[in-house]
Amino acid sequence: MSAPRLTRRAALKLLAAGSGAAVCGGVGASFLEAVERKDATDLAELDLAEASRQVRACSVSPVELTRACLRRIERFNPRLDAFITVTPERALAEARAAEHEIAQGNWRGPLHGIPIALKDNIDTAGVRATAASAVFESRVPREDAEVVRQLKAAGAIFLGKLNMHEFALGTTAAISHFGPVHNPWDLARVAGGSSGGTGAAVAASLCFGAVGTDTGGSNRIPAACCGVVGLKPSYGVVSTRGVIPVSTAFDHVGPMCRTVGDTALLFRAMTNHRVAADSNAEVLPTVSKLRLGVIRDPRGLCDDQPIDPEIKAAVETAIGALRPFVAEVREMELPHPDQLGRLIDFESYSFHRQYLEKTP
């Protein structure tokens with residue numbers, strides 16, 4: 001079974017029609033649209049999958065892709081504040097090594113030679129990981145997080161570390177020691193959070209994909225606000241080892257890209273788990289294997305706030321679009337423990353206690 005490819009621009013038009021993007025991202029005569037018009041032939045505008053195909057065919061080099069991303073970072077990051085730390089020398093060295101390997105016929109897979117970026121609560125050996133806090137401004141880990149190890153093994157190129165809501169404890173990325181992240185569709189709006197720099201960098205084509213984290217929406221919220229694709233994987237699929245925690249019981253590490261297919265490719269490179277290996281955007285699963293649950297009663301999930309009619313309409317449109325691809329759509333309830341917030345707060349405190357005592 002196949003389905004027509006939904007381009008990013010077409011998807012954004014659908015979002016705008018439902019006003020979902022306008023709530024968070026302000027699609028319109030935007031900064032990002034002006035950038036796209038000016039840089040229509042920029043290599044950084046390629047989808048990750050297309051860039052990967054061209055790298056494997058040796059029609060474009062990892063060095064060219066990396067330089068294209070670094071140029072865009074230098075040009076646009078001062079206004080977006082998506083990156084905290086950029087590592088151009090390291091990135092170019094990694095790109096040259098990947099170029100040599102691929103030229104010798106040693107292609108590791110779709111992420112080989114592809115420039116990506118990492119949220120700054122993910123440990124990177126020799127490169128600071130600040131979690132956007134003054135407390136960790138000079139923190140330089142000695143070891144890579146497990147997800148970084150996986151991506152290095154896949155041959156990915158690392159451009160640097162992305163801005164975020166401080167310690168991942170918020171949904172706007174407006175609170176950061178390094179300044180607020182701006183939404184590339186409208187600089188006056190937030191990019192969502194806590195992985196706001198991840199969403200902004202991906203949407204503005206500063207990288208081909210990026211890795212964020214999600215405890216209570218931190219990957220999905222900025223993806224929605226910035227008009228890209230963010231995934232919160234199932235529990236235990238992607239290792240959280242080496243990630244500065246919010247809650248060890250509820251934290252997840254997930255990919256963010258400009259298309260569903262690209263997100264699947266990045267996801268598969270982040271872990272050896274079978275669930276990721278089976279996620280192939282080019283081969284849709286049979287309809288009979290998929291069920292879609294719809295939560296009509298949001299009480300307990302949204303602090304009892306009413307759902308905005310425009311958001312509700314956009315969700316209903318999405319359900320209608322997905323209906324032909326699933327075996328069943330049915331209403332469901334999602335249990336929500338009364339003490340969930342306290343559980344997360346307790347685990348956050350257990351990590352932060354020593355820093356609160358040292359620098360209250």
Side-chain angles (χ1 to χ4, degrees), residues 44 62-63 65-74 76-78 80-98 108 111-168 173 176-179 181 194-202 204 206-213 218-219 238-246 251 253-256 266 269-271 351 355:
V63 174
L65 295 179
T66 302
R67 285 177 175 159
C69 290
L70 290 172
R71 284 195 298 268
R72 288 180 73 89
I73 293 168
E74 183 178 13
F76 301 120
N77 194 59
L80 296 175
D81 211 4
F83 277 84
I84 290 174
T85 301
V86 184
T87 55
E89 294 82 7
R90 279 185 179 230
L92 287 168
E94 292 170 1
R96 284 189 285 268
R108 302 190 199 181
L111 265 290
H112 200 178
I114 301 301
I116 64 171
L118 303 165
K119 187 176 179 179
D120 206 30
N121 61 344
I122 299 172
D123 280 357
T124 40
V127 179
R128 66 178 180 168
T130 71
S133 176
V135 177
F136 284 176
E137 184 173 14
S138 301
R139 178 181 179 272
V140 179
R142 295 181 179 179
E143 296 183 353
D144 287 325
E146 179 59 29
V147 68
V148 178
R149 293 175 185 264
Q150 293 284 344
L151 288 167
K152 281 186 174 180
I157 310 301
F158 297 97
L159 296 166
K161 306 299 289 294
L162 296 163
N163 205 353
M164 55 184 282
H165 203 108
E166 185 175 8
F167 282 125
S176 165
H177 177 61
F178 301 92
V181 181
S194 64
S195 307
T198 307
V202 169
L206 306 187
C207 53
F208 290 92
V211 179
T213 62
S218 286
N219 228 35
V238 180
S239 173
T240 59
R241 192 189 66 78
V243 176
I244 297 169
V246 173
D251 291 347
V253 180
M256 202 181 300
L266 181 53
M270 291 168 59
T271 175
F351 174 80
Y355 306 109

Next on the checklist: The test is side chain to side chain contact (heavy atoms under 4.5 Å, CB included); show your working for Val202 and Cys207 and say whether it passes.
Outcome noted: CA-CA 6 Å; Val202 169; Cys207 53; 4.2 Å; yes
Checklist entry - side chain to side chain contact (heavy atoms under 4.5 Å, CB included) between Thr124 and Thr85: does it pass, once the steps are laid out? => result CA-CA 11 Å; Thr124 40; Thr85 301; over 6 Å; no
Next on the checklist: Test side chain to side chain donor-acceptor pair (under 3.5 Å) on Thr130 and Lys161; report intermediate values, then the result.
Outcome noted: CA-CA 9 Å; Thr130 71; Lys161 306 299 289 294; over 6 Å; no
Item to check | From CA spacing to verdict: side chain to side chain contact (heavy atoms under 4.5 Å, CB included), Thr271, Gln150 | outcome: CA-CA 6 Å; Thr271 175; Gln150 293 284 344; 5.5 Å; no
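Residues Ser133 and Phe167 share a closest heavy-atom pair of OG-CE1, 3.2 Å. Smallest separation of non-hydrogen atoms from Ala210 and Leu162: CB-CD1, 3.7 Å. Listed here is the closest heavy atom pair of Ala168 and Ser218: O-OG, 4.3 Å. Closest of all the heavy-atom pairs between Arg108 and Ala154 is CB-O, 3.8 Å. Here the shortest heavy-atom pairing between Ile122 and Ala129 reads O-CB, 3.8 Å. Between Ala173 and Ser194, the closest heavy-atom pair is CB-O, 4.2 Å.
Screening Val238, Val253, Asp251 for a side chain to side chain contact (heavy atoms under 4.5 Å, CB included) involving Val243 leaves a single residue, Val253. With Phe83 as reference, Leu159 is the one residue of Val181, Leu159, Asn163, Asp120 to meet the side chain to side chain contact (heavy atoms under 4.5 Å, CB included) rule. With respect to Asp123, the side chain to side chain donor-acceptor pair (under 3.5 Å) criterion is satisfied by exactly one of Arg128, Arg139, Arg142: Arg139.
Atom CG of Asn121 and atom CZ of Phe136 lie 10.5 Å apart (nearest 0.5 Å). Between the CD1 atom in Ile157 and the NE2 atom in His112 there is a gap of 7.0 Å [rounded to 0.5 Å]. Arg71 CZ to Phe76 CZ: the interatomic distance, rounded to the nearest 0.5 Å, is 11.5 Å. Summarising the geometry, atom CZ belonging to Arg90 is positioned 10.5 Å from atom CZ belonging to Phe158; distances are rounded to the nearest 0.5 Å. Arg241 contributes atom CZ, which lies 8.5 Å from atom CG of Asp144 (distance to the nearest 0.5 angstrom). From Leu70, atom CG reaches atom OG1 of Thr87 across 8.0 Å, with rounding to the nearest 0.5 Å.
Residues forming a side-chain contact (heavy atoms from CB on, under 4.5 Å) with Glu74 (at least two apart in sequence, or on another chain): none.
Judged purely by distance below 3.5 Å, without hydrogens or angles, the side chains of Lys119 and Thr213 pair a donor atom with an acceptor atom.
Looking only at distances, no side-chain donor or acceptor of Asn77 sits under 3.5 Å from a matching main-chain atom of Arg72. The backbone N or O of Val63 sits nowhere less than 3.5 Å from a side-chain atom of Arg96 that would complete a donor-acceptor pair.
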